[in-house]
2 protein chains.
Amino acid sequence: MEKDKIDKKDHILDVAEKVFSDKGFDGASTRLISSEAGVNMAMLNYYFGSKEGLFLAIFDRKISSFQDILQNIGNDDTIGSWDKMDRYIELYSERVVNNNCFQKLLYQEMSINRRSDLSDKLRDILMKNVSELFKILQEGIDNGEFKKDTDMQMVIATMYGTKNFIVNTPLMSSALLGYDIQDDKNIEDKLKPHLKSFFKSLLKTYLLNDHEHAN
Amino acid sequence: MEKDKIDKKDHILDVAEKVFSDKGFDGASTRLISSEAGVNMAMLNYYFGSKEGLFLAIFDRKISSFQDILQNIGNDDTIGSWDKMDRYIELYSERVVNNNCFQKLLYQEMSINRRSDLSDKLRDILMKNVSELFKILQEGIDNGEFKKDTDMQMVIATMYGTKNFIVNTPLMSSALLGYDIQDDKNIEDKLKPHLKSFFKSLLKTYLLNDHEHAN
DNA sequence: TTGCATTAATCAATCGTTTGATTAATTTTG
DNA sequence: CAAAATTAATCAAACGATTGATTAATGCAA
């Protein structure tokens with residue numbers, strides 16, 4: 001059955017995503033991945049051609065669902081710029097703290113510069129997501145809701161960086177925050193609300209003009 | 001001569017630091033490192049025992065100079081909390097944007113889950129640096145200079161995360177900031193001042209109580 | 001039976017490491 | 001001081017292990 005095959009490939013991709021994010025590309029052997037996935041080693045090559053093919057397939061799978069999630073917030077004319085920002089923070093914090101092992105993989109790959117074609121591709125995709133945030137910020141500045149001297153680039157770097165730091169160095173951030181951020185329950189109950197409320201509070205004071213502070 | 005030996009070991013460590021940070025631990029072969037350093041392969045084992053020994057030696061060398069740089073800012077009684085924060089931002093931005101290939105290595109290692117003993121060690125060292133920042137923040141809150149509801153943990157995650165994001169994903173951050181952050185001149189002329197002024201501006205609005213805003 | 005899925009066995013290549021030999025430097029000895 | 005003895009540094013070559021990949025044989029459903 002075609003369905004079974006897809007499920008199997010998907011299962012392999014799930015496992016590979018996890019193992020790659022734990023060990024890195026070079027540290028994750030095909031033998032380990034296949035045994036973790038409960039399939040014969042040759043199946044990886046049979047399905048994905050090569051180890052690199054498997055690796056790329058992980059990204060291909062995600063990329064399709066990766067795009068438009070954060071898009072089209074900026075196109076809503078009925079709400080103000082801060083409310084858009086608020087919504088972006090909500091969605092971003094939600095999305096990103098899930099798939100955290102893919103996020104880890106993504107930034108590992110962007111940090112090491114091996115497959116430069118892939119890196120470029122990932123950069124472009126991320127920049128596309130970033131552009132939505134740009135739009136929101138620019139609009140807020142133009143309509144006077146945000147401060148004129150807002151450093152948009154750095155605001156973006158701050159959001160992405162802070163999230164990455166927490167997700168990608170769990171040992172460090174768990175020690176810092178005082179709870180295990182690898183635990184799913186803690187992620188849901190503590191980390192997500194924590195991240196959201198901090199981002200809102202931080203950016204509200206930074207972005208909003210004084211006359212808006214009352215809100 | 002003893003000096004030559006130290007210089008040689010130091011040279012190997014320099015090269016290894018660069019290669020490891022480029023390729024990751026598993027991606028960097030001992031053959032590549034030794035050929036880049038212009039020494040025989042066996043010398044790596046002769047000097048450092050093993051590949052892992054070489055890797056650890058990189059950290060040992062840095063760690064000694066790593067410690068006290070950011071320390072003792074908090075102990076100065078003659079300046080206010082924000083001024084201490086200001087000074088921390090200055091030093092942190094300076095230090096960190098230099099040795100950026102070590103920083104890359106450091107967070108690569110903390111991201112991957114391999115030698116947990118090393119990871120723990122690195123976490124402890126970083127937490128020690130963090131504690132100085134904690135001290136400054138706590139003091140500022142206690143003396144009323146900073147807001148009572150300051151999220152200290154997240155402020156720290158933001159500073160470390162934002163810097164990491166910029167340094168560790170140069171492809172992304174160069175596209176975002178609009179200049180090549182791998183270029184030494186750009187680092188000095190643009191990135192450092194940029195980072196400093198943003199951190200100050202961002203944290204000033206977030207940390208300071210309203211009656212301090214005039215400053 | 002035919003075609004795809006799956007397996008164990010095997011491949012060459014590369015890995016980190018070790019070896020034994022050789023050279024250079026240092027120390028000891030007469 | 002000079003010769004001998006010892007130690008340290010360096011090298012090419014080879015080691016066993018592991019890597020990603022391939023093969024040929026088998027299983028199995030249509």
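Note on naming: letters A, B, ... go to the chains in the order of the sequence lines (proteins, then strands), and numbering restarts at 1 for each one.
- The distance from atom CG of A:L32 to atom C1' of D:dG20 is 14 Å, rounded to the nearest whole Å.
- A cation-pi contact, defined as under 6.0 Å to the ring centre and within 45° of the axis, links B:K9 to B:F48.
- A search for salt bridge (charged side-chain N to carboxylate O under 4.0 Å, His left out) contacts involving A:D22 returns A:K18, not counting sequence neighbours.
- Rounded to an integer number of Å, the gap from CZ of A:F48 to C1' of D:dG20 is 16 Å.
- In this structure, the CD1 atom of A:I33 is 17 Å from the P atom of D:dT18, given to the nearest Å.
- Listed by chain and residue number, nothing satisfies the side-chain hydrogen bond (donor to acceptor under 3.5 Å, both in side chains) test with B:N45 (two or more places apart in sequence, or in another chain).
- Qualifying side-chain hydrogen bond (donor to acceptor under 3.5 Å, both in side chains) partners for A:E188, counting only residues two or more places apart in sequence or in other chains: A:K192.
- C:dA25 atom P lies 11 Å from atom NZ of B:K8, rounded to whole Å.
- Computed from coordinates, the B:M43 CE to D:dC11 P distance equals 7 Å when rounded to whole Å.
- Contact check, B:Y46 against D:dT10: no side-chain N or O comes under 4.0 Å of OP1 or OP2.
- Taking atom OH of residue A:Y47 and atom C1' of nucleotide C:dT7, one finds them 13 Å apart after rounding to whole Å.
- Scored by the side-chain hydrogen bond (donor to acceptor under 3.5 Å, both in side chains) test, A:D120 finds no partners at all (sequence neighbours excluded).
- When rounded to the nearest whole Å, the span between CG of A:L44 and P of D:dT19 equals 13 Å.
- Residues meeting the side-chain hydrogen bond (donor to acceptor under 3.5 Å, both in side chains) test with A:Q108, sequence neighbours left out: B:S111.
- The nearest whole Å value for the distance from the NZ atom in A:K23 to the C1' atom in D:dG20 is 17 Å.
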- Task: Report, as a single string ordered 5' to 3', how protein heavy atoms within less than 4.0 Å touch nucleotides 13-21 of chain C: B base, S sugar-phosphate only, - not at all.
- Result: --BBBBB--
